[in-house]
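Structure first, then comments.
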Amino acid sequence: MPILPLLPRHSETLPIHTARLVLRPFRAADLPAVHVLRSVPDVMRWTRQGRIDATTDETSKWLERFTHETESQERPNYNFAVLRKASPGGAPATDSGDGDLIGVMGIVSLSSENGPEVGYMFHPKTWGKGYATEALKGFVDAWWRLPLPRDGLSGTVQGAEEARTLCAMTDKTNVGSARVLTKCGWNVVSESVDGEGENKVQFLHWTLRSPAV
């Protein structure tokens, strides 16, 4: 299993600011906005679920995974709500849970054999405006800055190379997502096919390595 950076607890996770966006930990009050996002067919078709959430309760169960407080070593993911700022370089539209939430960005799986797996989704009203690219760059920069575990005696970084690798997976037909990853410097490393017959889906596997590795 790849070595992971030392992750803060949910309540201790700091927001990530970019020019136009803020990525912050999810809050229970985000439920209405998240349900709107997860009710858009053009968004959910690219997810592993492959369909919209049927009810608000279903969205609530999904959101609970990102608001439940755990010890840092027990975190199953490292995801953020993406909010659009009221003005470029300024604060979020609002500091409440009812702000202009336009997307989700973060690590969807910390246990992937190819390294932490990045995933994201954005509302179609924001597509083509560079928000996904901006959020991904901001998230990755913040991820590289997370501290790495060190040997207690020597003080050397443990598994630095494994810890500084990220992976992503996209449907081959998801051109928009591929464009975002390409702009951010990711590279396709392999391709796979899931399903049978007409249900076959071709996936592209992407990777990104820290410049420091």
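Counting begins at 1 with the first residue of the sequence. Atom set for the values below is all heavy atoms of this structure, side chains included, hydrogens, waters and symmetry mates excluded.
By the salt bridge (Lys or Arg N to Asp or Glu O under 4.0 Å) test, Glu64 is found to be paired with no residue, residues two or more places apart in sequence or in another chain being considered. Residues forming a ring-ring contact (aromatic ring centres under 6.0 Å, His included) with Phe66 (at least two apart in sequence, or on another chain): Phe26, Trp62.
In this structure, CG in Leu4 is found 9.0 Å from CD1 in Ile107, a value given to the nearest 0.5 Å. In this structure, CG in Asp100 is found 10.5 Å from NE2 in His123, a value given to the nearest 0.5 Å. Between the CG atom of Leu31 and the CG atom of Leu63 there is a distance of 6.0 Å, given to the nearest 0.5 Å. To the nearest 0.5 Å, the span separating CG on Leu21 from OG1 on Thr126 amounts to 9.0 Å. Rounding to the nearest 0.5 angstrom, the gap separating the OH atom in Tyr131 from the NZ atom in Lys125 is 9.5 Å.
Remark: Arg48 CZ is loosely packed, at most 12 non-hydrogen atoms of other residues, nucleotides or ligands lying under 6.0 Å away.
Cluster annotation: Leu146 is connected to Leu136 through the hydrophobic network of ILVMFWY side chains, with a link wherever side-chain heavy atoms come within less than 4.5 Å. Follow the hydrophobic side-chain contacts under 4.5 Å out from Phe139 and you reach Trp186 in the same cluster. Placement of Met44 and Leu37 within a single hydrophobic cluster is found when ILVMFWY residues are connected by side-chain heavy-atom separations under 4.5 Å, directly or transitively. The hydrophobic cluster containing Val108 does not contain Met169, counting ILVMFWY residues as joined when their side-chain heavy atoms lie under 4.5 angstrom apart, directly or transitively. One hydrophobic cluster, built from ILVMFWY side chains closer than 4.5 Å, holds both Leu110 and Leu166.
When side chains are defined from C-beta on, Pro8 counts as touching Tyr78, because their heavy atoms get closer than 4.5 Å. Under the 4.5 Å side-chain criterion, counting only non-hydrogen atoms from C-beta, Glu191 is in contact with Lys172. In this structure the side chain of Val118 never reaches within 4.5 angstrom of the side chain of Cys167, judged on heavy atoms. A 4.5 Å side-chain heavy-atom check between Met121 and Trp46 finds every atom pair outside the cut-off. Put simply, the side chain of Asn77 reaches to within 4.5 Å of the side chain of Arg65, judged on heavy atoms. The shortest side-chain heavy-atom distance between Val40 and Ile52 does not fall under the 4.5 Å cut-off. A 4.5 Å side-chain heavy-atom check between Arg38 and Gln49 finds at least one atom pair inside the cut-off. Side-chain contact check for Asn187 versus Leu208: every heavy-atom pair is 4.5 Å or farther apart.
Here the closest non-hydrogen pair linking Glu117 and Ala168 is CG-CA, 4.3 Å. Contact record, Thr59 with His35: OG1-ND1, 2.7 Å, taken as the closest heavy-atom pair. Heavy-atom minimum distance, Gly103 versus Phe122: CA-CD2, 3.9 Å. Annotation for Lys85 and Ala19: closest pair CD-O, 3.9 Å, computed over non-hydrogen atoms. Between Ala29 and Pro32 the shortest heavy-atom distance is O-CD, 3.4 Å. The two residues Ile16 and Ala142 make their nearest non-hydrogen contact at CD1-CB, 3.6 Å.
Listed for the Asp141 side chain is no donor-acceptor partner under 3.5 Å among the backbone atoms of Gly138. In this structure, Thr182 contributes its side chain and Ala178 its backbone to a donor-acceptor pair below 3.5 Å. A donor-acceptor pair under 3.5 Å links the side-chain atoms of Thr13 to the main chain of Arg9, judged by distance alone.
The closest side-chain donor-acceptor pair between Thr173 and Asp171 falls under 3.5 angstrom. Under 3.5 Å, the side chains of His10 and Thr67 contain no donor-acceptor pair of N or O atoms. Under the 3.5 Å distance criterion, with hydrogens and angles disregarded, a donor-acceptor pair is assigned to the side chains of Ser177 and Tyr120.
Under 4.0 Å is where a charged nitrogen must lie from a carboxylate oxygen, and between Lys183 and Glu134 no such pair does.
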Next on the checklist: side chain to side chain contact (heavy atoms under 4.5 Å, CB included) for Ile102 and Leu83? Distances and angles first, verdict last.
Outcome noted: CA-CA 6 Å; Ile102 62 171; Leu83 282 77; over 6 Å; no

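The side-chain tip of Arg24 does not point at the ring of Phe80 from less than 6.0 angstrom away and within 45° of straight on.
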